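Below, read A as the first sequence line, B as the second, and so on, with proteins coming before strands; counting in each chain starts at 1. Predicted model, so just to flag it, every value in this text is computed and none were measured.
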Amino acid sequence: MIKIATFNVNSINARLPKLLDWLKNSKPDIVCLQELKCEEKNFPFEALSDAGFNIAVNCQKSYNGVAILSKYKIDDVIKNLPMLDNSNETDPQARYIECVISVNNQAIRVASIYVPNGGSELMADQKIEQSEKFIYKLNFYDRLQSHISSLASYDEIQIFAGDYNVACQEIDIYDPKGFEGQILFHLQERIKFRNLLNIGLIDSYRVANQESQAFTWWDYRGNSYAHNKGARIDYLLVSPKCADLIAESDIENEGVRDQEKASDHCPTFIKIDLC
DNA sequence: ATGGTCGCGAGGCGA
């Protein structure tokens with residue numbers, strides 16, 4: 001049984017002691033991390049290597065940054081999604097890393113993804129759909145879909161895990177009416193997210209939890225966690241070949257999000273049975 | 001209540 005988790009840590013260095021505790025207790029084999037918020041030279045390679053992980057990173061100073069930790073060997077690392085026009089321009093924002101991990105002679109393609117939040121202060125009379133950050137978010141989704149489509153023919157075990165910054169359905173956010181048209185629950189971004197499901201990816205949390213309401217993120221402001229005012233915006237979207245192997249899928253907020261110095265997100269994971 | 005709270009890095013931006 002292999003456990004694969006995703007966790008937006010909101011600064012790898014601010015979270016390091018808590019992250020190491022969680023790794024020790026939760027015992028994931030593969031972890032996708034988002035919001036590292038550090039340059040590569042400041043990434044805690046030694047501490048995480050000592051914890052037993054191979055490491056692949058795509059770092060950026062102060063903002064963004066994604067990584068993959070794995071108990072198994074990491075190969076074929078790709079950093080950043082291609083641009084839609086296939087130009088050789090690289091995205092200045094470090095939001096994507098992908099690799100192939102071999103477990104008992106089976107290849108698993110794993111990606112750690114940090115979709116842009118897309119929210120911003122709006123000028124007078126400006127609508128959210130007109131803001132540059134929101135347009136960048138929608139464009140990032142288009143790039144992601146294009147890339148995932150290009151991998152579909154491989155018929156692999158594929159896991160696209162990370163912070164998608166979208167609550168999929170009404171059950172996935174505490175106040176769907178209040179968030180209608182707002183960031184995290186705007187129709188246009190929900191359509192982009194659903195497009196990933198329409199091309200064949202599966203929301204792995206829902207494989208084992210059809211009806212339950214559970215969140216992976218709670219705003220630091222307003223004591224949101226105590227009031228359970230959250231949203232499910234972190235996902236492991238998986239290929240059909242992976243979905244067939246799922247033995248368990250869940251969210252780990254207790255003992256993580258309720259701690260001092262917690263990230264505003266908590267981990268979510270799947271366990272898969274590799275024959 | 002047009003705020004609130006973190007993290008980065010040293011003022012304001014991003015979430």
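- A salt bridge is defined here as a Lys NZ or Arg NE, NH1 or NH2 lying under 4.0 Å from an Asp or Glu carboxylate O, and R221(A) with D264(A) fails to meet this definition.
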Can you give one letter per nucleotide of nucleotides 8-13 of chain B, 5' to 3': B if a protein heavy atom sits under 4.0 Å from the base, S if only from the sugar-phosphate, - if neither?
-> SS---B

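- Between the CG atom of L184(A) and the P atom of dG14(B) there is a distance of 17 Å, rounded to whole Å.
- Rounded to an integer number of Å, the gap from CD of E35(A) to P of dG7(B) is 11 Å.
- Side-chain N/O atoms of W218(A) and N228(A) include a donor and acceptor closer than 3.5 Å.
- Both R221(A) and G119(A) lie near DNA chain B, and the one whose nearest nucleotide falls closer to the 5' end is R221(A).
- dG3(B) and dC8(B) have their P atoms separated by 25 Å, with the value rounded to a whole Å.
- Contact annotation: R15(A) reaches the phosphate of dG7(B) (side-chain N/O to OP1 or OP2, under 4.0 Å).
- Computed from coordinates, the I233(A) CD1 to dA15(B) P distance equals 12 Å when rounded to whole Å.
- Counting to the nearest Å, the C1' atom of dG3(B) and the CD atom of E121(A) are 11 Å from each other.
- For D85(A), the CG atom counts as densely surrounded, since its 6.0 Å shell holds more than 12 non-hydrogen atoms of other residues, nucleotides or ligands.
- Atom-to-atom, OH of Y220(A) to P of dT5(B) comes out at 13 Å; the value is rounded to the nearest Å.
- Going from atom CZ of F134(A) over to atom P of dA15(B) covers 14 Å, rounded to whole Å.
- One interatomic measurement links the two molecules: CG of N223(A) to P of dA1(B), which rounds to 20 Å at whole-angstrom precision.
- Within the 4.0 Å cut-off from OP1 or OP2 of dG14(B), not a single side-chain nitrogen or oxygen of R95(A) is found.
- Counted within 6.0 Å of OH on Y154(A), heavy atoms from surrounding residues, nucleotides or ligands total 12 or fewer; the atom is thus considered open.
- Taking atom C1' on both nucleotides, dG4(B) is separated from dG14(B) by 15 Å, rounded to a whole Å.
- Applying the ring-ring contact (aromatic ring centres under 6.0 Å, His included) test to residues at least two apart or on different chains, the pairs with a partner in residues 88-124 of chain A are Y96(A)-H147(A).
- Going from the P atom of dT5(B) to that of dG9(B) covers 22 Å, rounded to whole Å.
- The environment of M123(A) atom CE is sparse: at most 12 non-hydrogen atoms of other residues, nucleotides or ligands sit within 6.0 angstrom.
- In this structure, K261(A) does not reach the dC6(B) phosphate: none of its side-chain N or O atoms is under 4.0 Å from OP1 or OP2.
- Rounded to the nearest Å, the gap between the P atom of dA10(B) and that of dA1(B) is 37 Å.
- Between dT2(B) and dG7(B), the distance separating the two P atoms is 25 Å to the nearest Å.
- Computed from coordinates, the Y225(A) OH to dG4(B) P distance equals 24 Å when rounded to whole Å.
- Residue pairs meeting the salt bridge (Lys or Arg N to Asp or Glu O under 4.0 Å) criterion with at least one member in residues 105-119 of chain A, sequence neighbours excluded: E98(A)-R109(A), R109(A)-E156(A).
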